[in-house]
Number of protein chains: 2
Amino acid sequence: MVTMDDVARRAGVTKQTVSNVVRGRAVVSPRTKAKVEAAIAELGYQPNLVARGLATGTTMTVGFIVPTVANPFYSAVVEEVETLLEMHGYHLLLATTRGDGERARRHLASLSSRSVDAVLVAEDRDLGDVPLLERMGVPVVLCAWETTPPGGLPVVTVDYEKAGYLAGRHMHKLGHRRPVVIADLPAHQIRVQGMRRAFAEVGVTVPDDSVLAAPEATSESGYAAMLRALGSGNKPSCVLTSTDAIALGVTEALRHQGLRVPEDVAVIGIDDIPQAAHAHPPLTTVSLPKRRMARDATGLLLNAIRDKQPVPPDVSLLSPEVVVRATCAPPAG
Amino acid sequence: MVTMDDVARRAGVTKQTVSNVVRGRAVVSPRTKAKVEAAIAELGYQPNLVARGLATGTTMTVGFIVPTVANPFYSAVVEEVETLLEMHGYHLLLATTRGDGERARRHLASLSSRSVDAVLVAEDRDLGDVPLLERMGVPVVLCAWETTPPGGLPVVTVDYEKAGYLAGRHMHKLGHRRPVVIADLPAHQIRVQGMRRAFAEVGVTVPDDSVLAAPEATSESGYAAMLRALGSGNKPSCVLTSTDAIALGVTEALRHQGLRVPEDVAVIGIDDIPQAAHAHPPLTTVSLPKRRMARDATGLLLNAIRDKQPVPPDVSLLSPEVVVRATCAPPAG
DNA sequence: CTGAAAGCGCTTACAG
DNA sequence: CTGAAAGCGCTTACAG
């Protein structure tokens, strides 16, 4: 490994001068600068970021704690965060929890031993451990928080209640009055709450037995739940789901029962995963602003690092929006 | 931040002794050890991994260069790699290239400045820069390499040719003789080659005009390609696709044209993404051993780190296998 | 604008 | 088994 001293010797200057040109400080005369740059090129010198990290306390790396990456929602967020960080010269330390609080805590401790410059947390279950997060000593931002975020920390998340509300409103505006809801509960509780609020606006109370739990947010689970709903004699005019994956399964189940979407039954999802657009018929859904969330959260972190200031504990609720495609229509008859 | 010196002072010993107990070296008397451990607990001391990294040259972190994470195949691999690393106390530095060679090279340089302990590379386009990889000075393993890997480096990858072969053999064993192939070309060239080899075994040459390119490996792209195939008057008895996503689109297109799967047309995919099992009908496919690949590659890296030896440049080709579900049947009539 | 010194928090030999 | 010294490769004041 070639060090700063090697470069200094080669250029006939001192280590400190090399440091100055490497970091672009304008206190070096053009001539010395040229000499040093030549030496750097000849030797193929690359600054040792670990040494710099020890000296300055900054490592140019940001930790991201996320439940999983094997899920289109989180992987889209991770992809966007990583891209933004790389644009600013930062690297991503990815830490997966798989919903395991112990593992999350281990990661947090480890990230702090590694002196990451900031931490982004998208794990909203089992991590409401504010003291631990505050003790990190670096900027922390919470994102993709669907449960009530712990107070005192900045959060950039989606307005999940509004996502449900928009789905509900879209349906009642089309004239639907007897919705069936299929949701991954209790995880998506708040989305269902929003759906109910929308129908309440037009005087419709969604009865509890019209809300079915899909044990997982998968299309298979949605398929099974829809079959159950149909089996119980219900023939809804519309189905609201807490997730696109569920909606896709629901659509399949309906079709297999000889019901046309949207002519016989309207279906709406939440999320807007890539498959939603590619489905047949293309799925009408409420798009969650993943990229905006990733950008905003990363931006807050990057600014805080630059200004050496903590992130103010503001709560930012990003608004989802309806993406009209082909699975919704007014009720038949 | 509490340092080793603080702990030493508190325990009435020297920094070196603290270091010894922290690293679990058995050269400390039980009494001193207890004193030190008490001091550590009282002070909440955590070793500074950056300082240790500078002193030892090891950072307990592994870099992973991957084209994207917004894709079920790669995100499954990343998830598995991260889990294994975390089990061994290592952290994952995730670097995404999006197929951009320049970005890949930047990441490589950056990873080496950061003294990662090892590098895993799943970007097989535009990174055949062996010298660069060899100069890393740390163990390097290539994985998920579908193009011919550069010589001289260890690789753990899937036998993609065999994946195609198995898909082809599954079809010809059912009695199919006039296949249509829909593939993301040229990326999946080798899979198509395998399919052709399988049919050649039963004396069938797959003509070029039976091989359709899907511009992307998406279900939408598969849907469009299938429509084209049907439009050209072809009414194949079976369709082999280079990807599950394509296969899902193909199935939809067939159904929309009034053709039943598998009664009228058999369909097989490659990959075995989660949706394959959840599709209706569940997709028969050739499963790519992602987890095994992730485990083997990570294992090689971890062993090489432990033994302070480079990874021998062996090439490991993991065998895919057919997962029979519901989209294949013998040709009608 | 350039150089010599001290320090970041740890580990690695090496005496006692 | 314990302690004092030197060093990892950089940066940060501080003289010249």
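The structure presented is a predicted model; accordingly, all values stated were derived computationally and were not measured. Order of the sequence lines sets the chain letters (A, B, ...), proteins ahead of strands, with each chain counted from 1.
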Searching all strands shown, indicate the nucleotide that pairs with D:dA13 (Watson-Crick or G-U wobble; both distances under 3.5 Å).
->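 The base-pairing partner of D:dA13, which may sit in any strand shown, does not exist here.
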Under a 3.5 Å limit on both distances, the Watson-Crick or wobble mate of C:dA4 is none
Grab the [atom1]-[atom2] distance between [X] and [N] for me, whole Å please.
X        : N      : atom1 : atom2 : result
B:Asp5   : C:dG7  : CG    : P     : 12 Å
A:Gln16  : C:dA5  : CD    : P     : 14 Å
B:Arg114 : D:dG9  : CZ    : P     : 18 Å
B:Lys15  : C:dC8  : NZ    : C1'   : 11 Å
B:Asn20  : C:dT11 : CG    : C1'   : 10 Å
A:Lys33  : C:dC1  : NZ    : C1'   : 14 Å
A:Asp6   : D:dC8  : CG    : C1'   : 13 Å
A:Arg52  : C:dG7  : CZ    : C1'   : 17 Å

Quick one: do the [X] and [Y] side chains pair a donor with an acceptor below 3.5 Å?
X        : Y        : value
B:Arg106 : B:Ser110 : no
A:Glu79  : B:Thr68  : yes
B:Thr61  : A:Arg114 : no

Measuring to OP1 and OP2 of [N], would you say a side-chain N or O of [X] lies under 4.0 angstrom away?
X       : N      : answer
B:Arg23 : C:dT12 : yes
B:Thr56 : C:dT11 : no
A:Ser19 : D:dT11 : yes
B:Thr32 : D:dT2  : yes

Residue met sooner reading DNA chain D from 5', once B:Leu54 and B:Thr17 are mapped to nucleotides = B:Thr17
DNA chain D: 5'-proximal contact among A:Thr3 and B:Thr14 (nearest heavy atom) | B:Thr14
Tell me, yes or no, whether the heavy-atom count around B:Lys33 atom NZ, taken from other residues, nucleotides or ligands under 6.0 Å, exceeds 12.
-> no
Any donor-acceptor N/O pair, B:Asn303 side chain to B:Leu300 backbone, under 3.5 Å |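 Side chain of B:Asn303 to backbone of B:Leu300: no pair is present.
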Taking the side chain of A:Asn48 as its heavy atoms from C-beta onward, which of D:dT2, C:dG9, D:dC10 lies nearest to it?
->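 That would be D:dC10.
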